[in-house]
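Comments concern the structure below.
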There are 2 protein chains.
Amino acid sequence: MYWAGEEMTSIGSVVTGVATLSRSLSDGRRQMVGLMLPSDFIGRPGRKISPFDVVAASDVLLCTFQKRAFDTMIAQSPSLETRLLEMTLDELDSAREWMLLLGRKTAREKIASLLAIIARRDAALLKSKPLDGLRFTLPLTREAMADYLGLTIETVSRQMSALKRDRIIEMEDARRITVPDYGALLDEAGDDADGGLLE
Amino acid sequence: MYWAGEEMTSIGSVVTGVATLSRSLSDGRRQMVGLMLPSDFIGRPGRKISPFDVVAASDVLLCTFQKRAFDTMIAQSPSLETRLLEMTLDELDSAREWMLLLGRKTAREKIASLLAIIARRDAALLKSKPLDGLRFTLPLTREAMADYLGLTIETVSRQMSALKRDRIIEMEDARRITVPDYGALLDEAGDDADGGLLE
DNA sequence: CGGCAGTTTGACCAACATCAAGTTGGGTGG
DNA sequence: CCACCCAACTTGATGTTGGTCAAACTGCCG
């Protein structure tokens with residue numbers, strides 16, 4: 001699955017799986033600018049092209065509409081448009097939060113922030129309150145993490161090892177993570193208010 | 001002018017001047033996440049608080065509405081909401097473009113990108129086509145540039161000097177810039193398609 | 001003539017990137 | 001079942017970019 005600057009005739013939302021939104025420089029440096037999780041929207045009402053690449057990070061099931069049909073639906077349903085505006089505003093807040101991370105956080109803080117976000121989303125999914133002792137599987141490769149955080153895979157790997165060494169996380173293997181103390185992880189992330197990305 | 005996590009009872013748009021949107025880490029590191037220029041919107045319909053700081057970078061004239069009244073207007077005018085959605089989607093694209101800059105560009109590329117954007121905006125304002133030999137005044141201090149680009153003021157200063165030394169720009173004083181060859185500046189910015197921030 | 005904010009420049013340093021081997025683990029074919 | 005393979009990951013040695021600390025310069029305002 002891959003859309004670049006091509007014309008889009010459909011629009012849709014993720015049902016299952018993980019897709020990523022990214023952009024590259026001509027020499028190959030890549031930055032991920034969004035993670036599309038179930039319920040997230042792909043495509044832009046009112047616009048023909050997206051300036052970003054959409055790539056599946058796993059098998060992805062989409063619920064799609066013909067773009068024309070969707071635009072008509074919007075025109076007829078103000079409440080749908082209101083909802084869309086809200087979702088877009090939330091994404092904008094998330095993007096700005098991420099700008100703070102990319103511009104000002106250290107490698108260790110970046111990793112801790114990403115882990116905190118994924119841990120929180122997983123906890124929310126399971127409706128578990130405690131958060132401490134939470135165990136989850138990273139849905140991303142080291143390369144995807146690096147592209148997301150503006151780092152190299154080596155730095156990601158090293159910082160993961162450092163967090164493990166410092167008992168902030170436990171790693172059963174590269175993907176299976178346990179967070180014994182969610183508060184400690186948040187401290188490492190560097191912002192008192194835990195960044196509100198991905199909801 | 002300064003709004004932080006406070007409750008907002010008004011909403012508005014910039015008429016003249018420049019305001020900035022930024023966010024800080026507890027230890028003072030700051031990242032600018034948006035530049036509000038004339039016609040840009042401040043505030044979030046449907047939300048009480050903004051998680052970012054709005055700071056005037058110059059004297060700013062705002063056109064404000066009571067938030068309640070504005071929400072009512074939206075509810076009554078679908079076309080207003082459509083326009084708002086469009087503006088928000090554009091801002092989201094800009095934010096994502098900026099994420100690429102923050103995550104993957106070098107200091108020199110960051111500076112060149114910012115200069116290219118400001119040069120282009122100024123040229124558009126003057127409706128001048130040529131772009132080469134364009135002369136303009138930076139609306140930002142070195143500190144604001146640094147906060148915008150995720151750099152320190154020293155690095156900003158050094159890279160400005162380097163671009164001057166390499167004849168990419170001319171500097172009459174710290175703020176008065178001339179771009180003899182817009183294409184050359186774009187090359188330094190690192191992306192073939194010139195990044196579409198700030199329109 | 002200070003004084004001061006904004007800027008520039010230099011010397012040095014730390015964080016992260018780069019380059020280069022290894023290691024791990026799951027999958028495939030003999 | 002084992003041998004091999006390959007992608008993903010880890011680790012180490014070294015290099016570079018940009019940050020830090022410190023000092024000086026500029027232009028403006030009182």
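This structure is a prediction, so every number in the text was calculated from the model and none was measured. All chains are named by letter (A, B, ...) in the order of the sequence lines, taking the proteins before the strands, and each is independently numbered beginning at 1.
- Side chain of B/T20 to main chain of B/V55: a donor-acceptor pair is present (N/O by atom type, distance under 3.5 Å, no hydrogens or angles).
- Separating the CG atom of A/L149 from the P atom of C/dA15 is a distance of 18 Å, rounded to the nearest angstrom.
- Contacts between residues 101-109 of chain A and DNA chain C, defined by a heavy-atom separation under 4.0 Å, are made by A/T106, A/A107.
- Put simply, the side chain of A/S157 never gets that close to the backbone of A/I153: no donor and acceptor are under 3.5 Å apart.
- Note that the two end axes of the helix from C/dC1-D/dG30 to C/dG30-D/dC1 enclose an angle of 30°, each drawn from 5 base pairs, rounded to 10 degrees.
- A/T178 is not listed as a side-chain neighbour of A/E172, based on a closest heavy-atom distance of 4.5 Å or more.
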So which protein nitrogen or oxygen atoms get under 3.5 Å of nucleotides 28-30 of chain D's nitrogens or oxygens?
none

| request: Do nucleotides 5-12 of chain D as a string where each nucleotide becomes B, S or -: B if the base has a protein heavy atom under 4.0 Å, S if just the sugar-phosphate does, - if no protein is that close. | output: ----SBBB
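- Under 4.0 Å is where a charged nitrogen must lie from a carboxylate oxygen, and between A/D181 and A/R167 no such pair does.
- The interatomic distance linking B/L163 (CG) with C/dT9 (C1') rounds to 16 Å, in whole Å.
- Linking ILVMFWY side-chain heavy atoms closer than 4.5 Å, directly or via other members, places A/L100 and B/L149 in two distinct hydrophobic clusters.
- Formation of a donor-acceptor pair under 3.5 Å by the B/D40 side chain with backbone atoms of B/L37 is found in this model.
- For the pair A/I111 CD1 and C/dC16 P, the computed distance is 10 Å after rounding to whole Å.
- Residues passing the side-chain hydrogen bond (donor to acceptor under 3.5 Å, both in side chains) test with A/R30, sequence neighbours excluded: none.
- The CG atom of B/L151 sits 18 Å away from the P atom of C/dA15 (whole-angstrom rounding).
- To the nearest angstrom, P of D/dG19 lies 12 Å from CG of B/D147.
- Ion pairing of B/D191 with A/R29 is absent here, as no side-chain N (NZ or NE/NH1/NH2) approaches a carboxylate O to less than 4.0 Å.
- Evaluation of the side-chain hydrogen bond (donor to acceptor under 3.5 Å, both in side chains) test over residues 137-146 of chain A, restricted to residues two or more places apart or in two chains, returns A/T137-A/R176.
- Taking 4.0 Å as the cut-off between side-chain N and carboxylate O, A/R104 and B/D147 count as a salt-bridged pair.
- Residue B/Q159 contributes atom CD, which lies 13 Å from atom C1' of D/dT16 at whole-angstrom precision.
- Using modelled atom types, one side-chain atom of B/D132 and one backbone atom of B/Y182 make a donor-acceptor pair closer than 3.5 Å.
- Summarising the geometry, the separation between CZ on A/R29 and C1' on C/dC16 is reported as 15 Å, rounded to the nearest angstrom.
- Between the side chain of A/Q31 and the main chain of A/Y148, a donor-acceptor pair closer than 3.5 Å is present.
- If you chain together hydrophobic residues whose side chains sit under 4.5 Å apart, A/L92 and B/L84 never meet in one group.
- OP1 and OP2 of D/dG18 both lie 4.0 Å or more from every side-chain N or O belonging to B/T152.
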